[in-house]
Amino acid sequence: MQWQPAAKLREQFLSYFEEKGSRRYPSFSLVPDDPTLLFTIAGMVPFKPYFLGLKTPEVTRATTAQKCVRTNDIDNVGRTARHHTFFEMLGNFSFGDYFKAEVIPWAWTFLTERVGLDPNRMYATVYRDDDEAADIWRNSVGLAADRVIRLGEEDNFWAAGPVGPCGPCSELLYDQGPAFSCGSPDCAPGCSCDRYLEIWNLVFMQFNRDEAGVLTPLPKKNIDTGMGLERLSSVVQQVKSDFETDLFRPLVDKACSLAGVSYGAGPGSDLAVRVIADHLRATAFMIADGILPSNEGTGYVLRRLLRRAVRFGRLLDLREPFLLELLPQVEATLADPYQELLRYRSTIAQVVDLEERRFGRTLEQGSDLLEQEIGCTKRSGGKELSGEVAFELYDTYGFPVELTEEMCSEAGLSVDQKGFAQAMERQKERARASSKQTCATMGSNAYTELADRQGPTVFLGYEMEEARGTVLALLRDGVLLDRAEEGETAEVVLDRTPFYAERGGQVGDQGTLSGEGLEAEVEDTVHPCGDLVAHRVRIRKGVLLPGATLEARVDGARRGDIRRHHTTTHLLHEALTQVLGDHVRQAGSLVSPEGLRFDYNHFAPLTPEQIQEVEDRVNEQVLKNLPVTTRETDLETAKALGAKALFEEKYGERVRVVSVEGYSTELCGGTHVCATGEIGLVKVHKDEGIGAGLRRIQATSGRASLRWSQEVSTVLRDVTSLLTVDPDALCEKTASLLEEHKALERKWRQALLQTELMRLDAVVMGRKRVGDVEVVISFYEDLDTDLLRQIGDQVKGRFPSSVSVLATKNAEKFLVVIMATDEAVAKGVHAGKLAKSLGALLGCNGGGKPQMAQVGGKFTTPLKGPLESVPQMVAEQMKG
Ligand code: GLY
């Protein structure tokens with residue numbers, strides 16, 4: 001058989017099925033649009049709705065090389081020749097079109113004629129009672145009877161999960177020869193070792209399995225096949241494991257050279273190198289498909305894989321970050337055809353690098369803790385690490401529990417999974433308890449009843465800022481009232497209102513409610529329960545009664561500011577995505593009249609250039625005066641429109657889509673401007689990190705930006721006039737003033753020191769002698785440690801056997817520096833201990849080394865008395 005590169009096999013496969021009338025699709029995302037699956041685990045996943053008959057396909061024949069991730073066997077990755085987290089699946093699919101009679105001979109022809117596998121080494125398995133498939137193998141393909149093997153459900157019935165489309169299957173086996181055998185006398189086709197290797201699975205997709213396990217025939221008979229490209233390559237390239245194919249070899253070799261090991265030299269290093277190679281491929285593709293490290297779902301898997309790769313690097317003694325150096329090999333082997341590796345190259349590199357560095361640090365700390373705990377557990381004869389410790393490692397040090405388990409198993413321990421789960425549950429309980437509290441203070445019961453009885457409040461505020469409504473209920477602290485009087489506060493529920501209640505980050509409206517002799521100010525508007533709206537009012541005049549008809553007027557100027565900030569938020573979201581990458585997702589927001597705050601995922605601080613670019617892009621859209629439109633539609637259509645949304649949120653059937661024409665589309669219930677020109681100047685004020693991988697950007701628009709620019713120009717005007725320079729010379733002038741200031745300070749300090757040194761003769765005259773050690777005590781006003789030390793050095797120069805006790809104070813603080821010469825130390829003097837004793841007298845902490853120490857704190861008691869007791873303390877020290 002001729003050696004062929006994996007890329008050629010992939011291309012041959014796809015073009016072969018194109019010849020059979022199939023449409024070739026590029027690989028779909030690793031993140032499926034399917035709530036039952038975390039990842040795309042097989043080529044058929046993106047086509048599930050067609051198999052189930054839920055959607056009509058564009059074509060009835062398709063073929064793909066699909067990126068897949070499976071994590072169920074992660075512990076085996078690297079230990080066997082075949083397990084991977086990321087792999088490519090070659091597949092061809094028929095949606096009610098061709099079936100067994102076509103696909104079996106096609107598969108045979110492809111492998112034997114196109115790829116060149118030896119037909120004499122091939123076997124086929126079929127589901128136990130699938131006579132039809134067996135007959136095709138025998139009679140159409142011409143395979144001998146002893147080469148068609150019937151197996152049970154475990155081997156020859158395939159499903160993408162516990163529920164969904166499934167069916168009997170037929171597998172093609174290739175005999176790699178006795179060298180690959182497990183050596184068992186029973187080793188025969190069907191044995192799970194590598195000799196009779198399964199290379200292609202042809203699934204006859206005929207059933208849907210429901211939650212109860214019941215099989216119902218699908219509307220049509222379908223074909224779904226899957227052949228791992230890595231495995232096929234290893235057969236064609238005649239190597240022992242997938243890791244030795246050209247899909248892996250450059251990556252494996254580079255990892256070996258970084259670690260200074262050679263592949264094949266030992267099982268430990270081979271395992272580590274394979275894990276690193278496997279996990280890095282998976283990681284790069286996951287990030288390219290928009291996944292970022294996090295503590296749940298796909299983000300958690302990504303984090304776990306990255307961390308596992310780092311840890312296996314440590315086993316190879318790779319202590320510095322190394323993953324980045326391997327990314328070029330991932331690109332070299334896979335960027336053709338997977339261009340996303342290049343498109344998101346910098347995102348992939350940044351995420352990998354950041355996570356690796358972060359984990360590198362915590363790994364050190366966490367590993368110390370884990371080792372200690374493992375030691376303790378073993379010494380006390382235990383076999384299990386406590387769940388609490390595993391949880392602390394998870395919660396504080398970011399150790400995936402699987403990693404802890406792995407590290408424990410190396411030391412012969414297991415992990416108390418139940419204890420871990422309980423610790424996790426306790427934490428969730430705490431979080432739930434704190435959120436329940438807010439609900440209780442809202443008086444949710446009265447509101448729940450009201451919401452049940454009245455249904456949602458009709459919201460008129462998209463079109464109007466003034467409307468008339470009837471009071472359905474009055475409440476205070478969750479209790480229904482029958483009236484509210486002048487000076488009192490109350491929560492008012494109307495049948496309809498133009499007031500927007502706080503939701504989706506947009507703050508509630510303010511304004512007035514008025515009626516017969518009544519004036520009330522609305523200070524806030526909230527949703528106490530579902531879509532019920534409560535106006536929080538203070539009554540200025542008159543009496544408020546249920547049943548009254550009121551004129552509700554929103555503060556239009558304030559609402560205008562809010563609308564501007566809300567549309568700006570959408571522009572900002574899109575601009576951030578364009579500048580930073582598609583991984584940017586909204587993680588929270590605040591839209592208020594004063595400004596906006598937008599939280600989003602990103603892994604690194606923004607550079608000043610990126611901030612400016614974002615700001616420029618947003619303002620460009622403002623100047624274009626783009627129309628802003630809204631429409632109601634269903635979630636599916638909104639998704640098809642490409643609307644940005646927090647899809648994990650439970651939107652109702654109907655959703656509202658807000659579009660800035662040609663720029664941004666988002667699901668949003670907020671209020672917006674009619675055209676972007678209304679927004680005015682958008683200014684970004686701040687971008688800061690607020691958690692791992694989470695950032696917050698703050699900006700203003702319209703009147704708030706105007707006020708900001710006025711304030712800035714006032715400050716600028718005042719400062720330039722104080723400094724008597726033009727604005728453009730301001731920086732230069734300030735820098736030169738600071739320089740001058742520094743030079744003057746230097747001179748001043750020197751003069752101060754000279755003055756004090758001139759006084760030194762008088763100071764040392766007053767010294768005390770303890771044995772043959774001179775004790776010099778002196779008081780100063782407002783000096784710093786540095787100057788005191790310089791004075792102390794002078795004293796040392798004059799008296800080789802001495803202790804200086806130099807004190808300074810200002811109105812609030814005092815500081816005492818104690819310096820002892822080496823001779824004095826040799827005689828038993830210890831400056832640090834003197835500072836400690838002095839500290840005890842002065843009510844503060846003191847300490848330091850034998851030669852040099854200090855004590856300082858708030859200036860409350862006179863220093864003189866305590867300082868004068870120092871000679872006595874020195875005498876005691878010298879007595880020993
Ligand atoms: N969908 C066929 C397989 O994964 O084997």
Side-chain angles (χ1 to χ4, degrees), residues 9-10 13-14 17 22 25 27-30 32 34 36-52 57 61-73 76 80 82-100 102-104 106-108 110-111 123-127 130 133 151-174 190 192 196-209 215 218 220-235 242 282:
L9 294 169
R10 187 196 293 118
F13 180 91
L14 295 169
F17 281 99
S22 309
Y25 286 92
S27 173
F28 295 86
S29 170
L30 275 177
D34 181 338
T36 67
L37 293 168
L38 215 47
F39 291 102
T40 300
I41 54 142
M44 55 75 74
V45 169
F47 299 118
K48 260 169 77 175
Y50 304 147
F51 291 128
L52 293 170
R61 299 179 179 199
T63 181
T64 57
Q66 174 64 45
K67 302 179 282 187
C68 299
V69 162
R70 288 187 189 177
T71 51
N72 44 345
D73 262 337
N76 276 329
T80 71
R82 314 278 166 217
H83 280 91
H84 308 290
T85 54
F86 172 85
F87 62 97
E88 289 174 79
M89 186 177 278
L90 304 173
N92 57 287
F93 310 94
S94 153
F95 314 121
D97 189 324
Y98 62 80
F99 202 50
K100 295 180 193 179
E102 291 86 0
V103 77
I104 291 176
W106 287 350
W108 176 263
F110 177 73
L111 286 182
Y123 294 80
T125 63
V126 296
Y127 187 52
D130 192 350
L151 295 173
E153 189 151 335
E154 187 150 322
D155 294 285
N156 280 79
F157 196 92
W158 196 89
V163 292
C166 53
C169 62
S170 176
E171 288 193 313
L172 270 150
L173 313 185
Y174 181 78
S192 62
Y196 300 98
L197 194 67
E198 294 150 9
I199 45 180
W200 198 346
N201 186 16
L202 315 176
V203 185
F204 313 127
M205 197 71 90
Q206 282 165 273
F207 302 106
N208 182 29
R209 184 156 52 197
L215 296 180
L218 289 171
K220 290 178 179 156
K221 290 180 175 166
N222 309 290
I223 291 293
D224 152 38
T225 87
M227 173 155 61
L229 178 63
E230 295 74 7
R231 189 174 279 218
L232 177 67
S233 305
S234 84
V235 169
D242 296 355

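Remember, it's a predicted structure, so these values are computed and weren't measured experimentally. First listed ligand is number 1; within each ligand, the first listed atom is number 1.
Ranking the protein heavy atoms by distance from atom 2 (C) of ligand 1 puts Asp224 OD2, 3.6 Å first.
The side-chain hydrogen bond (donor to acceptor under 3.5 Å, both in side chains) with Asp97 is formed by just one residue from the set Arg61, Lys220, Lys221; it is Arg61.
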**Asked** Which is it for Tyr196 and Tyr174 under the ring pair (Phe, Tyr, Trp, His ring centres under 6.0 Å) test, yes or no, and what are the steps along the way?
**Response** CA-CA 5 Å; Tyr196 300 98; Tyr174 181 78; 10.0 Å; no
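A donor-acceptor distance shorter than 3.5 angstrom exists from the side chain of Ser170 to the backbone of Thr125, with no hydrogens or angles considered.
Under the 4.0 angstrom criterion for non-hydrogen atoms, Arg70 is in contact with ligand 1.
Of the N or O atoms in Asn201, one or more lie within a sub-3.5 Å distance of an N or O in ligand 1.
Counting only heavy atoms from C-beta outward, the side chains of Phe207 and Pro168 approach each other to under 4.5 Å.
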